[in-house]
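Following: one structure in structure tokens, then a few remarks.
All residue numbers in this chain count up from 1 along the given sequence.
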Amino acid sequence: MANEEDDPIIQEIDVFLARSLLEKLYLFQYPIRPASMTYDDVTHLSAKIKPKQQKVELEMAIDTLNPNYCRSKGEQIALNVDGTCTDETNTYSSKLMDKQTFCSSQAASNVSRYAAAVYRKGELHLTPLHGILQLRPSFTYLDKADAKHREREAANEGGDSSQDEAEDDVKQITVRFSRPETEQARQRRVQSYEFLQKRQAEEHWVHLHYYGLKDSRSEHERQYLFSQAHGLAENTELIKSPSEYLMMLMPPSVEEENDKPVAPSNVLSMAQLRTLPLADQIKILMKNVKVMPFANLMSLLGSGTDSTAVLRCIQQVAMLVQGNWVVKSDVLYPKDTSSPHSGVPAEVLCRGRDFVMWKFTQGRWVVRKEVAAVTKLCPEDVKDFLEHMSVARINKGWEFMLPYDEDFVKKHPDIVQRQHMLWMGIQAKLEKVYNLLKEHLTPKKQETQSGHPLVVSGEQRVNMAKARVKQNYGQLEKEFQKQKAELKSNDAAAKMDISNIRIKEEPVSDEEPMDTSAYEGLNNGVVNGLHAEEDSMDALNGHLPGGCGDRVAQELKAFVSSTFKKQFVLTLSELKRLFNLHLASLPPGHTLFSGISDKMLQDMVLDTGCKQILVPFPPQTAASPDELKVYALWEAGDTYDQHRQVLLEIFSKNYRVRRNVIQNQLSQECGEDVNKQEVDRVLKDCCVSYGGMWYLKGTVQS
């Protein structure tokens, strides 16, 4: 109670759960009624209900003697609906619109968290609601008027026709037999709007008796809103802990199975996704992302997920291509489906896409015309295959969108070997189907090595540069000696300024670009996971060519800035998780897929005005290194910047702090006029409460 002194308890109220009207109590929400409408005129009121649909119709009386009632309009409406004749089927027997029908609709699909409460003598009695219905005016009488008008017109036309007409002409008819209904057709028919309307219309109305507010029966029924027994035996649900009691009153929202969307192709709800089994989570993620490194998949599945189970499940829905996982073709093109472009069946599409995936296991590049020539599929289908897993490069072809994942290949050689055997089987099948020639099976000259990139260590790069320097030095020394011999007979030439002759030295620092052109022809032109080009050495040093680095930096800065303006405080682990979610929402080929290292991400955080908070974690902490790195937005540009900075200074010296300490420190630094709302706002931005103490976001150790 020490940390709640600023919010004292004023009164304690006993709460009782009434069960007498359980599954019988409805809440009706009436529209704003006109002054001429009365709700207590029992003689002109009726009600009926369809229990299964929870649909109610109420007929309310209208006070025709009220000064606000327009009698001429009421007579005109009654005339339009019933006409001039008088019979039992008339809607308005008094030739005047003297009643109004209201039809209900469900206001909420899940009402388990709502209850009706009655307060009496210091006791609060709750009765769970069975339904919440909104009543709206019904205008079915207008449909009735239209139907009668059409009947009168049909009768007039029939009267004008000849009465001496002979028997009807003989007409030829065609008999057709319907095909047997398939299971898919039956499901579509059952889910159609017409079928549901028919099912609803088949349910019979149950007529009800209406009792006014002051009726003795109403007074008797109202007594059931109070708990009939105050003993513990009748209210065992309320003898629970506060958290269990709140969970009982406000259970988590559970949508009906029919209301759940079937995993949209471009949007993922991570909260709903994590309620599914692990295999379904992986299948949905791979179906949406198409290509993903194993490390990114683990970060999307959340902490605590068993990597062995993930590896077992991922092999059911994806294949390994260049160390990355690519979704299987039969997952994207299920059986009995066809191409939206050409109508080709799913089996043919799967073979064509498998051919594209297999080509990427042989090298980094694929030519679209070659794929179309082999698979004989339309250009639109081939383009879809390539866009799933590659990026178009002008005048070069299609390049696999992700770099080779060397880490996964080294850590899981058994998985790599198993996938290699699977690809060998797929290759044999493709050879039979497409009659592949040797030129299709044998990689090109620059692709004679395996699809794995050549990883050159830093020591090797330095040795290569030194060897080239020595080679150039020897050539230049020979040229210098030759020039010196030619000018030896000339005395003036002996005094020449040899400082003008400079020996070219190649840079040996790791920070400078080095010429490794001798290795350009090796291994598909892939060095250190990036494609090496003849006119650029930047790719060998971790830089992006052609100004692409500026675009990547802009995109990365925009993400970091927007994220910290929403969260204010993040650990590196949480920031990487949010970044992976951001990548999953981007279209294929986006600039951020070029590869962002942890160092680039941390440098960008510091460049956007954030600071690292050195939180003194406990010595026995089980947090990972990424969870120990805490970053906070130092200046957001609003009126709470000074408050947040004082708060962050407190947590740079303390791992956890009580609220009164924070409030006292804020009062000293920011003035005595710091109120509770300002403190709450700053704590909400940067901290979380656990066990009566306050921690920076992401630093709580359970």
Side-chain angles (χ1 to χ4, degrees), residues 21 24-108 111 114 116 129-153 155 197 200-222 225:
L21 297 180
K24 299 178 183 178
L25 187 62
Y26 290 85
L27 175 64
F28 288 180
Q29 296 178 344
Y30 291 91
I32 300 176
R33 61 184 185 276
S36 58
M37 183 76 71
T38 60
Y39 284 178
D40 56 349
D41 193 345
V42 180
T43 58
H44 293 85
L45 187 62
S46 64
K48 54 185 179 180
I49 186 174
K50 289 185 176 181
K52 293 182 179 179
Q53 304 175 33
Q54 292 191 1
K55 185 177 181 180
V56 174
E57 276 194 9
L58 297 179
E59 198 172 80
M60 303 291 185
I62 299 178
D63 186 6
T64 58
L65 301 178
N66 193 290
N68 298 313
Y69 181 80
C70 181
R71 193 173 185 86
S72 60
K73 289 287 185 181
E75 292 175 350
Q76 184 63 46
I77 293 175
L79 180 62
N80 293 339
V81 174
D82 297 329
T84 56
C85 60
T86 303
D87 53 31
E88 296 180 354
T89 62
N90 285 359
T91 303
Y92 303 111
S93 57
S94 62
K95 299 296 182 181
L96 198 64
M97 183 181 177
D98 54 358
K99 56 187 177 182
Q100 173 72 62
T101 302
F102 290 86
C103 188
S104 71
S105 62
Q106 292 189 21
V111 297
Y114 298 100
L129 291 177
H130 189 57
I132 300 178
L133 305 179
Q134 289 183 345
L135 296 173
R136 294 182 176 88
S138 174
F139 300 98
T140 53
Y141 59 86
L142 296 179
D143 298 334
K144 185 177 179 180
D146 292 341
K148 285 197 172 185
H149 179 70
R150 288 192 294 268
E151 289 177 0
R152 286 194 293 267
E153 288 184 348
Q197 288 292 100
Q200 292 179 1
E202 289 176 354
E203 185 178 0
H204 297 290
W205 288 102
V206 177
H207 291 272
L208 307 175
H209 295 285
Y210 175 82
Y211 296 94
L213 180 64
K214 300 179 181 179
D215 192 277
S216 59
R217 178 65 181 271
S218 298
E219 182 65 28
H220 176 75
E221 291 291 333
R222 269 198 299 274
L225 293 174

> Can you check side-chain contact (heavy atoms from CB on, under 4.5 Å) on Leu21 and Glu221, steps first, answer last?
Replying inline: CA-CA 9 Å; Leu21 297 180; Glu221 291 291 333; 4.1 Å; yes
> Do you know the tightest heavy-atom contact between Gln29 and Ile132?
Replying inline: NE2-CG2, 3.7 Å
>> Does Lys95 have more than 12 heavy atoms from other residues, nucleotides or ligands lying within 6.0 Å of its NZ?
In response: yes
> Nearest heavy-atom pair of Ser104 and Val56: which atoms, and what distance?
Replying inline: OG-N, 2.7 Å
>> Using every non-hydrogen atom in the two residues, find where Trp205 and Lys55 come nearest and quote the distance to one decimal.
In response: CZ3-O, 3.7 Å
> Rounded to the nearest 0.5 Å, how far apart are CG of Leu129 and OH of Tyr26?
Replying inline: 10.5 Å
> So, for Arg136 and Ser105, which heavy atoms are closest and what is the spacing to 0.1 Å?
Replying inline: NH1-OG, 2.6 Å
>> Would you compute the distance between atom SG of Cys103 and atom CG of Leu135 and round it to the nearest 0.5 angstrom?
In response: 8.5 Å
>> What's the separation between atom CG in Leu225 and atom CG in Leu25, rounded to the nearest 0.5 Å?
In response: 6.5 Å
> Looking at CG of Leu27 and CD of Gln134, how far apart are the two atoms once the value is rounded to the nearest 0.5 Å?
Replying inline: 9.5 Å
>> Do Pro137 and Phe102 have side chains that approach each other closer than 4.5 Å (heavy atoms only, starting at C-beta)?
In response: yes
> Is it true that atom NZ of Lys48 has more than 12 heavy atoms of other residues, nucleotides or ligands lying nearer than 6.0 Å?
Replying inline: yes
>> As a quick check of understanding, evaluate side-chain contact (heavy atoms from CB on, under 4.5 Å) for Ser218 and Arg222, giving each step before the final call.
In response: CA-CA 6 Å; Ser218 298; Arg222 269 198 299 274; 4.0 Å; yes
> What is the distance from atom CG of Asp98 to atom CD1 of Ile77, rounded to the nearest 0.5 Å?
Replying inline: 11.5 Å
>> Which heavy atom of Leu96 sits nearest to which heavy atom of Tyr69, and what is that distance?
In response: CG-OH, 3.6 Å
>> Please report the interatomic distance CE(Met97) to CD(Glu75), rounded to the nearest 0.5 Å.
In response: 13.5 Å
